Amino acid sequence: MDTVRAAAPQLAGLVPYDPKYLPAEALLSANESPTDIPPAVREQVRAALARLELNRYPDPLANGLRDAIAAANGLRREQVLVGNGGDELLFDLALAWGGPGRAFLNLPPTFSVYAANARLTGTRVVDVARTDGYAIDEDAVLARVARGDIDFVVVTSPNNPTGACAPLGLIERLLQATDALVLVDEAYCEFAGTTALPLLEAHENLALLRTFSKAYALAGVRLGYVLAHEGVISELAKVRQPYSVDAVSQVIGRVVLENRAAFQPAIDAIVAERGRVTAALAAMDGVEPYPSDANWVLFRLEGTGGPTAATAAAAWEYLYDQGVLVRDFSSAFMLEGCLRATIGTAEQNDALLAALGRFLESA
Ligand code: PMP
């Protein structure tokens, strides 16, 4: 054949996920940990991996790791599902609760992967946009779920890329107002110091998503998990890829979890730097940072005559030329003129602030 028939129609118009990850001295675009796992933990990882039989399939459901995660959260194994990064579990959610004839409630601007997964699975996407300051429009959300056709909702807390947590009261009122599955995406909750976990016992329609990629410095390993009632976990387990979490990742996850206290100083340092960077951005003329509970700060650049995508895109280029890679949201829905800078080491944050200061002087 010199031709191939078209791929599935739901792929039309979709583009592969591209975080525009480029080499740079200061990598502040992907909300990773700026430091690797502590050396003593790395040594335990090395020792544990040395004992691993690579010729054997891994435990398909990663039960050892599930048990450790369950114990760390006061739950049982049946209330935990481990995936190849949170991303796999988000796809599983769309497969299990979405599909043709079903609807997903999205709260943009938010993580773009949710809507992309919905489209891939033929799920209708219903958008309820956030308010001007990026708070969730609670009245509009409650009114929308009251119509009864929403099958699942994702509440991102802290919300990527805007930064703030969803109030627990709002999450609770939403859980009471609908029997839709409400996934609270807590990928960055360790930087916020809050979690919706206390709501789990009373709400069968709640699921929490967590990841080892951010606070636990394992973005390269690909490990995430869902906490939910047993009935929710067993549905998600039906669509999950067998063996998606390889044996190496399972071992690393267990060692890191056992040593989780060793990560707290790095988390505290990021929270302190977040305060310093936010204050420094706020002190710059023409820069408006948004309050963040996560490991980044979103900020808007005012051009002459208001925020412009052009000013922010020029700032992104300038920062990149100066060795600082941030994420450009300047042309995204409701994010005109916005850049997102991950909190890095103090030196990386200084490099960001100095380069942005020079850009503003020259503009
Ligand atoms: N949720 C949110 C809000 C994220 O920003 C990310 C990472 N970009 C994820 C989930 C998934 O992270 P991972 O697949 O690395 O666990």
Side-chain angles (χ1 to χ4, degrees), residues 16-21 27-34 36-37 62 65 69 80-95 104 106-118 120 130 134 136 152-166 171 182-192 194-196 207-228 236 240-241 244-246 249-250 252-253 256-257 263 270 274 290 292-298 325-329 332 335 338 340-343:
Y17 184 72
D18 176 10
K20 310 217 164 38
Y21 201 66
L27 294 170
L28 304 181
S29 74
N31 300 339
E32 298 150 324
S33 165
D36 207 327
I37 62 173
L65 184 55
I69 293 168
V80 180
L81 192 68
V82 183
N84 188 270
D87 282 342
E88 180 192 22
L89 296 160
L90 289 170
F91 190 62
D92 290 346
L93 172 74
L95 281 173
F104 158 59
N106 195 33
L107 308 175
T110 190
F111 191 35
S112 61
V113 165
Y114 315 138
N117 287 339
L120 277 177
R130 287 165 186 261
Y134 301 128
I136 293 171
F152 68 105
V153 187
V154 180
V155 176
T156 317
S157 187
N159 185 49
N160 183 8
T162 57
C165 277
I171 294 171
V182 177
L183 179 89
V184 179
D185 182 342
E186 296 192 334
Y188 303 92
C189 69
E190 294 85 359
F191 304 106
T194 60
T195 167
L208 307 178
L209 181 74
R210 303 263 186 84
T211 180
F212 284 83
S213 296
K214 313 295 180 179
Y216 296 104
L218 290 182
V221 171
R222 314 304 305 128
L223 264 183
Y225 57 96
V226 168
L227 306 176
L236 291 171
R240 181 182 177 278
Q241 290 291 303
S244 68
V245 180
D246 63 77
S249 301
Q250 292 187 29
I252 297 175
V256 163
L257 202 60
F263 290 76
I270 285 170
R274 179 181 75 203
Y290 288 89
S292 172
D293 297 309
N295 66 339
W296 70 79
V297 179
L298 181 81
L325 179 69
V326 298
R327 187 77 187 264
D328 183 3
F329 283 97
L335 297 169
C338 286
R340 187 194 69 192
T342 303
I343 301 300

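Atoms within a ligand are numbered from 1 in the order they appear, just like the ligands themselves. As a basis for the values below, the full set of heavy atoms in this structure was taken, side chains included, without hydrogen atoms, waters or symmetry mates. Computed from a predicted structure; not experimentally measured.
- Contact atoms of ligand 1 toward K214: 7 (C), 8 (N) (distance under 4.0 Å to a heavy atom of the residue).
- Contacts between W296 and ligand 1, counted as non-hydrogen atom pairs separated by less than 4.0 Å, are absent for every part of the residue.
- Atom OH of Y134 is separated from atom CG of L335 by 4.5 Å, given to the nearest 0.5 angstrom.
- Each of the atoms 13 (P), 15 (O), 16 (O) of ligand 1 lies under 4.0 Å from some heavy atom of S213.
- The Y114 neighbourhood of ligand 1 comprises atoms 3 (C), with distances under 4.0 Å to a heavy atom of that residue.
- The protein heavy atom nearest to atom 11 (C) of ligand 1 is D87 OD1, 3.2 Å.
- For ligand 1 and T156, the ligand atoms under 4.0 Å from any heavy atom of the residue are 3 (C).
- Between I343 atom CD1 and S292 atom OG the span is 7.0 Å, to the nearest 0.5 Å.
- Closest to atom 13 (P) of ligand 1 by heavy atom, among G86, S112, A294, A219, is G86.
- Y114 meets the side-chain hydrogen bond (donor to acceptor under 3.5 Å, both in side chains) test with T156, D185; sequence neighbours excluded.
- When V154, L90, D185 are ranked by how near their heavy atoms come to atom 2 (C) of ligand 1, first place goes to D185.
- Close contacts of ligand 1 with G85, meaning ligand atoms under 4.0 Å from a residue heavy atom, involve 14 (O), 16 (O).
- With hydrogens and angles disregarded, a donor-acceptor distance shorter than 3.5 Å links the side chain of R274 to the backbone of F191.
- Summarising the geometry, atom CG belonging to L218 is positioned 9.0 Å from atom OG belonging to S33; distances are rounded to the nearest 0.5 Å.
- Judged by the shortest distance from any of its heavy atoms, F212 lies outside the 4.0 Å radius around the atoms of ligand 1.
- A side-chain donor-acceptor contact under 3.5 Å links R240 to the backbone of V82.
- Counting only heavy atoms from C-beta outward, the side chains of L223 and I252 never approach each other to under 4.5 Å.
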Output a table of donor-acceptor pairs, distance under 3.5 Å, between side-chain atoms of residues 84-95 and any protein atom two or more places apart or on a different chain; print 'none' if there are none.
residue : atom : partner : partner atom : Å
N84     : ND2  : S244    : O            : 2.9
E88     : OE1  : N84     : N            : 2.6
E88     : OE1  : S244    : OG           : 2.8
E88     : OE2  : S244    : OG           : 3.1

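- Using a 4.0 Å heavy-atom cutoff, R222 is listed among the residues neighbouring ligand 1.
- Regarding atom 8 (N) of ligand 1, its nearest protein heavy-atom neighbour is F111 CZ, 3.5 Å.
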